[in-house]
Enquirer: 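Sharing a structure, written as structure tokens. Questions coming.
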Amino acid sequence: PPSPPCAPLPPGVTSPLLRRSVRGVEFRHHRYEDMVRALFSVQNECPYITRIYSIGRSVEGRHLYVLEFSDNPGIHEALEPEFKYVGNMHGNEVLGRELLIQFSQFLCEEYRAGNHRITQLIHDTRIHILPSMNPDGYEVAARQGPEFNGYVTGRGNAKDVDLNRNFPDLNALLYYYEKSNGKNHHFPLPDNWEEQVEPETMAVIKWMQNYNFILSANLHGGAVVANYPFDKSRDLRIRGKTTYSATPDDKLFKKLAKSYSYAHSWMHKSWNCGDYFEEGITNGASWYSLSKGMQDFNYLYSNCFEITLELSCDKFPPASALQREWLGNREALVTYLEQVHHGIKGMVYDENSNPIDNAVISVSGINHDVTSGVDGDYFRLLLPGTYTVTVSAPGYQPSTSTVTVGPAEAVQVRRTPVH
């Protein structure tokens with residue numbers, strides 16, 4: 001069903017000034033109330049292409065606000081992919097939060113100015129921006145400020161839990177099933193998962209249940225590199241040794257990571273923050289192994305491909321550095337978003353032209369399936385090439401076709417009936 005056009009402002013946050021141009025926003029750090037005002041200012045400036053909604057509350061009761069951009073805000077349009085950016089998962093890693101506020105203002109301004117590239121993105125994509133997944137941790141870090149912020153001060157939520165170690169561990173299930181050529185996608189959550197996760201983590205998981213996200217990035221700090229799954233090593237017995245842990249979509253994930261690093265002003269130059277990452281990308285487990293992370297969870301629980309963007313050597317850079325960082329990341333944020341339109345997409349119907357949701361889309365040679373959404377539409381990110389694609393659903397005969405993917409926008413597969 002269509003969602004309400006706007007979320008209510010929380011107590012203590014006044015409504016943004018009418019007709020105030022978003023162009024006047026300075027490069028500065030935004031505390032919670034400032035961030036909310038900035039988001040509502042964008043919504044006020046571009047009311048017909050934006051919507052603000054809350055996916056839940058933090059431990060201390062702050063809303064986890066999302067700003068949506070679409071030509072039909074609040075509505076999923078068939079064959080239009082859903083994309084998300086998530087910032088500030090670690091409260092003291094603040095650049096992503098500021099970049100996403102700035103990016104929201106940029107999308108609004110460029111749309112109003114008639115920028116064809118941005119207009120097309122907003123018309124063809126449903127974009128969701130969560131500037132801060134951990135507003136409580138941010139407030140702890142911000143009270144110390146850039147000059148005195150410790151390396152972990154404010155990293156966790158109000159209960160000092162690291163949210164990037166708080167998602168259900170679906171890697172263990174995958175690595176078990178791999179041995180028997182079993183299930184390779186949409187792994188089930190543990191029975192008691194809601195008791196094991198923090199409110200912020202639960203909000204994001206339920207967000208993923210409600211929207212069929214196809215591509216995502218979460219923005220961190222402390223290094224400069226585009227990190228792709230898997231984050232968890234398949235072999236944890238070798239202490240102190242890192243091992244590359246590839247997904248079945250390893251080549252695609254490398255391409256996604258490079259799309260960001262090469263569009264970024266300096267990430268692709270490999271040497272950053274005293275670290276060397278060739279072409280500015282790394283496999284997560286090859287760098288260091290972590291369990292219960294968000295990017296692996298996206299890939300194993302949903303149709304969403306997510307990478308982790310480490311964007312600054314300094315986790316809490318001074319305000320004077322924000323403009324340079326924005327200019328360094330602006331093109332990369334747009335280029336990465338455009339990757340959601342590469343691959344194939346289509347509709348799954350029965351013989352009476354009724355859409356079928358939860359149909360399984362398999363690509364021969366890639367052991368990771370995706371599923372159709374509630375409207376029967378599906379999206380499968382793929383590199384250029386020729387693929388054999390099979391659509392199947394319980395109670396129906398499978399349908400197989402050969403599809404050639406080019407380097408441009410997604411190939412739309414003809415109506416795929418399953419009988």
Side-chain angles (χ1 to χ4, degrees), residues 4-47 50-69 84-109 128-149 153-160 163 198-200 203-204 207 219 221 315-323 325-326:
C6 196
L9 280 164
V13 178
T14 57
S15 178
L17 296 173
L18 292 175
R19 306 312 309 154
R20 175 185 170 195
S21 171
V22 295
R23 292 180 184 275
V25 175
E26 309 164 70
F27 288 96
R28 62 184 179 85
H29 290 291
H30 292 74
R31 299 289 285 261
Y32 177 72
E33 290 79 7
D34 298 328
M35 177 184 72
V36 174
R37 286 192 195 97
L39 296 179
F40 275 88
S41 179
V42 173
Q43 205 274 333
N44 178 67
E45 194 76 14
C46 289
T50 59
R51 176 177 70 106
I52 293 178
Y53 63 98
S54 172
I55 60 170
R57 291 179 183 263
S58 66
V59 170
E60 293 180 346
R62 294 181 176 91
H63 275 288
L64 304 180
Y65 279 123
V66 174
L67 179 61
E68 174 193 335
F69 283 86
K84 63 180 164 73
Y85 271 133
V86 178
N88 202 207
M89 181 183 203
H90 289 143
N92 64 330
E93 296 173 15
V94 306
L95 180 60
R97 174 188 179 112
E98 299 306 327
L99 288 175
L100 292 181
I101 293 170
Q102 197 68 38
F103 187 57
S104 301
Q105 294 160 349
F106 170 78
L107 291 177
C108 175
E109 288 174 9
H128 305 258
I129 298 172
L130 173 62
S132 183
M133 182 180 165
N134 185 4
D136 297 353
Y138 176 87
E139 294 301 314
V140 172
R143 281 195 284 272
Q144 290 199 339
E147 296 84 4
F148 305 105
N149 189 256
T153 304
R155 176 184 174 90
N157 69 352
K159 295 196 225 165
D160 203 25
L163 300 178
E198 293 299 300
E200 297 89 349
V204 167
W207 188 32
L219 282 56
K315 292 192 172 196
F316 204 131
S320 60
L322 295 179
Q323 184 168 6
E325 293 288 356
W326 163 243

Enquirer: Does the side chain of Arg37 come within less than 4.5 Å of Arg31's, by heavy atoms?
Expert: no
Enquirer: Taking the side chain as everything from C-beta on, heavy atoms only, tell me whether His128 gets closer than 4.5 Å to Tyr53.
Expert: yes
Enquirer: Atom SG of Cys46 and atom CD of Glu109: how far apart are they, to the nearest 0.5 Å?
Expert: 8.5 Å
Enquirer: Hey, what do you get for NE2 (His30) to CG (Leu39), rounding to the nearest 0.5 Å?
Expert: 8.5 Å
Enquirer: Is Arg28 salt-bridged to Glu98, cutoff N-O under 4.0 Å?
Expert: no
Enquirer: Look at the side chain of Asp136 and the backbone N and O of Glu60, then say whether any donor-acceptor pair between them is shorter than 3.5 Å.
Expert: yes
Enquirer: Could you tell me whether the side chain of Asn88 and the main chain of Glu93 form a donor-acceptor pair under 3.5 Å?
Expert: yes
Enquirer: Do Glu139 and Arg62 have side chains that approach each other closer than 4.5 Å (heavy atoms only, starting at C-beta)?
Expert: yes
Enquirer: Taking all non-hydrogen atoms of both residues, which atom of Tyr32 and which atom of His63 are closest, and how far apart?
Expert: OH-N, 3.0 Å
Enquirer: Does the side chain of Val204 reach to within under 4.5 Å of the side chain of Leu163, using non-hydrogen atoms?
Expert: no
Enquirer: Is the side chain of Glu325 donor-acceptor paired with the backbone N or O of Leu99 at a distance under 3.5 Å, no angle test?
Expert: no
Enquirer: Taking side chain as C-beta onward, heavy atoms only, is Leu219 less than 4.5 Å from Leu95?
Expert: no
Enquirer: Check Leu130 against Ile55 and note the closest heavy-atom contact, atom names and distance.
Expert: CD2-CD1, 4.1 Å
Enquirer: If I compare all heavy atoms of Asn157 with all of Glu200, which pair ends up nearest, and what's the gap?
Expert: ND2-OE1, 3.1 Å
Enquirer: So, taking the atom named CZ in Arg143 and the one named OG1 in Thr153, what distance separates them when rounded to the nearest 0.5 Å?
Expert: 11.0 Å
Enquirer: Going from CZ on Phe69 to SG on Cys108, what distance comes out if it is rounded to the nearest 0.5 angstrom?
Expert: 6.0 Å
Enquirer: What's the verdict on side-chain contact (heavy atoms from CB on, under 4.5 Å) for Arg155 and Lys315, showing C-alpha distance, side-chain angles and the deciding distance?
Expert: CA-CA 10 Å; Arg155 176 184 174 90; Lys315 292 192 172 196; 3.4 Å; yes
Enquirer: Where do Tyr65 and Pro131 come nearest, in terms of heavy atoms and distance?
Expert: O-CD, 3.5 Å
Enquirer: Quick check: does any side chain N or O of His29 sit under 3.5 Å from a backbone N or O of Pro317, one acting as donor and the other as acceptor?
Expert: yes
Enquirer: Hey, are the side chains of Val86 and Trp207 touching, using non-hydrogen atoms and a 4.5 Å cut-off?
Expert: yes
Enquirer: Taking all heavy atoms of Leu64 and all of Pro135, pick out the closest pair and write down the distance.
Expert: CD2-CD, 3.5 Å
Enquirer: Does Tyr85 reach the main-chain N or O of Gly96 with its side chain, forming a donor-acceptor pair under 3.5 Å?
Expert: no
Enquirer: For Met35 versus Ile101, what's the shortest heavy-atom pair and its separation?
Expert: CG-CD1, 3.7 Å
Enquirer: Are any of the side-chain heavy atoms of Met89 and Asn134 separated by less than 4.5 Å?
Expert: no
